[in-house]
Amino acid sequence: MTGWPAAGGPAGGRVTAGVVVHGVGERSDLPIPIFYAYAGAFAALVVSFLALALLWADSRFRGDHAGRPLTLPASGGKATRTARVLTLLAAVYTLAWLILGPATENAAPYLVYVLFWVGLVPASLLLGPVWRALNPFRLLPDRPRRPYPAGLGLWPAAAGLLAFTWMELVAPEPAAPPTLLIFLTLYAAAQLTGTFVYGHAWLERGDPFEVYSTLIGQMSPFGRRADGGRVLRNPFDGLDAVAPAPGLVATVCVLLGSTAYDGFSTSPAWVNALQSGPFGGRAGLGTIGLLAAVAGVAVLYTACLFAAGVIGGAKGLAGRFAHSLLPIAAGYLIAHYFSLLVIEGRHAIILALGLDAEVTQNAVAPGTIATVQVLAIVLGHVAGVVAAHDRSVRLLPPARAVAGQIPLFVLMICYTTGGLTLLLA
């Protein structure tokens with residue numbers, strides 16, 4: 001995350017008390033040589049691809065028709081409302097920190113960037129779409145004035161996520177209270193207006209954080225069947241339940257591209273370019289870089305899916321395989337933000353509650369961070385290969401199903417290479 005200072009507060013630079021919050025220290029700190037990290041990643045992808053091609057001839061995932069029913073307490077609705085009220089109070093508390101808190105050691109940026117933004121990933125992976133259950137805007141009555149336009153899909157969420165990541169990664173002072181207040185005001189205005197016009201259908205498709213949590217939550221073992229019943233399920237069935245929708249590919253590409261730019265933005269060449277000030281200064285060049293990263297991810301995905309369609313004899317595959325990018329996105333998010341959540345998450349709690357405690361910057365060894373990063377990326381890509389293979393044998397003719405996956409395999413190799421390079425090089 002860009003904008004974290006050298007001593008306990010967000011304001012510039014990426015080093016906190018001498019610890020690189022996303023990095024893994026020097027290369028000598030890595031638990032294995034970088035060559036073996038690449039070799040292991042490629043071996044895992046090749047072996048999984050070949051094993052699936054030889055042993056997995058029929059689709060096995062059943063989407064939102066799968067799962068073992070769960071029995072929940074009868075007071076679930078009341079508990080959900082209480083959770084939303086508490087979340088609203090937490091939001092008001094965060095705003096109070098932004099408006100009334102000190103310029104330094106302000107808890108609000110940590111609450112927004114660390115506990116909320118980063119914390120949504122593990123929470124959603126474990127429990128499902130938690131922001132849907134906690135979203136305070138769902139306290140508003142669901143009285144739509146008009147139907148939500150089908151063609152709008154998830155595009156508002158993609159735009160909202162791009163705006164948030166721009167603030168986080170590009171804005172000159174991402175953790176300054178005025179910056180956060182402007183974004184939160186615009187975010188609240190958009191959700192209030194959308195809910196007033198389209199009801200809760202807007203929150204389901206237009207709230208960037210609810211869509212973000214819901215997509216990541218598709219990989220949770222807890223989910224819902226098509227009839228609305230809660231179930232315990234195979235996470236791959238949850239992934240398979242992701243339905244193609246306008247803006248779905250764009251939303252996932254924003255997640256992948258922004259995380260890629262986050263890693264690239266600390267390279268010495270890019271830092272020097274930002275400091276030299278071309279293209280309208282740091283923010284101008286940073287905006288170009290962020291958009292280029294998102295566009296690069298999208299172009300590579302679209303080209304590979306087009307090639308898969310040509311080889312497999314099918315059309316319109318881009319939206320149908322977007323679900324296979326979600327494990328990759330989750331892997332990147334975990335790899336980049338694991339150390340930030342562990343170290344600065346504790347800092348956020350200490351500041352927010354006014355506790356008399358110190359943050360241990362060496363709470364996680366560089367070797368542990370590196371291991372989590374490599375495993376997150378590799379396992380995310382292997383899961384993406386599995387999800388893509390199952391969808392391929394369902395959609396493509398049997399004689400072309402394996403050949404049609406070759407462009408997808410190339411896509412995974414490219415993403416894996418890029419992800420490991422940004423983290424370890």
Within the 6.0 Å centroid threshold, strictly below: Tyr187 and Phe137:
yes

Take Tyr212 and Leu255 through the side chain to side chain contact (heavy atoms under 4.5 Å, CB included) test and state the conclusion after the steps.
CA-CA 9 Å; Tyr212 170 63; Leu255 293 177; 3.6 Å; yes

Run the side-chain donor-acceptor check on residues 407-418: report pairs under 3.5 Å with partners two or more places apart or on a different chain.
unit_1: Tyr415; atom_1: OH; unit_2: Val297; atom_2: O; d: 3.0
unit_1: Thr416; atom_1: OG1; unit_2: His381; atom_2: NE2; d: 3.3
unit_1: Thr416; atom_1: OG1; unit_2: Met412; atom_2: O; d: 2.7
unit_1: Thr417; atom_1: OG1; unit_2: Ile413; atom_2: O; d: 2.8

Under 6.0 Å between ring centres: does that hold for Phe209 and Phe116?
yes

For atom CZ of Phe196, is the number of surrounding heavy atoms from other residues, nucleotides or ligands below 6.0 Å larger than 12?
no

Student check: side-chain heavy atoms of Leu70 and Phe222 closer than 4.5 Å
yes

Can you list the steps and then say if Arg205 with Glu210 is a salt bridge (charged side-chain N to carboxylate O under 4.0 Å, His left out)?
CA-CA 8 Å; Arg205 301 173 180 85; Glu210 182 162 322; over 6 Å; no

Would you call the rings of Trp117 and Phe164 parallel, tilted or perpendicular, where under 30° means parallel and over 60° means perpendicular?
tilted

Please output the side-chain donor-acceptor pairs of residues 232-254 that fall under 3.5 Å, not counting sequence neighbours, one pair per line with the distance.
unit_1: Arg233; atom_1: NE; unit_2: Ser220; atom_2: O; d: 3.3
unit_1: Arg233; atom_1: NH2; unit_2: Gln218; atom_2: O; d: 3.3
unit_1: Asn234; atom_1: OD1; unit_2: Phe236; atom_2: N; d: 2.9
unit_1: Asp237; atom_1: OD1; unit_2: Arg62; atom_2: N; d: 2.7
unit_1: Asp240; atom_1: OD1; unit_2: Arg391; atom_2: NH2; d: 3.0
unit_1: Asp240; atom_1: OD1; unit_2: Arg394; atom_2: NH1; d: 3.3
unit_1: Asp240; atom_1: OD1; unit_2: Arg394; atom_2: NH2; d: 3.1
unit_1: Asp240; atom_1: OD2; unit_2: Gly63; atom_2: N; d: 3.2
unit_1: Asp240; atom_1: OD2; unit_2: Arg394; atom_2: NH1; d: 3.4
unit_1: Asp240; atom_1: OD2; unit_2: Arg394; atom_2: NH2; d: 3.1
unit_1: Thr251; atom_1: OG1; unit_2: Gly247; atom_2: O; d: 2.8

Could you tell me how the ring of Tyr198 sits relative to the ring of Trp202: parallel (under 30°), tilted (30 to 60°) or perpendicular (over 60°)?
parallel

Run Trp166 and Thr287 through side chain to side chain donor-acceptor pair (under 3.5 Å) and show every step you take.
CA-CA 7 Å; Trp166 181 91; Thr287 301; 2.7 Å; yes

Taking the side chain as every heavy atom from C-beta outward, state whether Asp64 and Asp227 have any atom pair closer than 4.5 Å.
no

Look at the rings of Phe264 and Trp270 and say which category their plane angle falls in: under 30° parallel, 30 to 60° tilted, over 60° perpendicular.
tilted

Exceeds 12 heavy-atom contacts within 6.0 angstrom, atom CH2 of Trp56:
yes

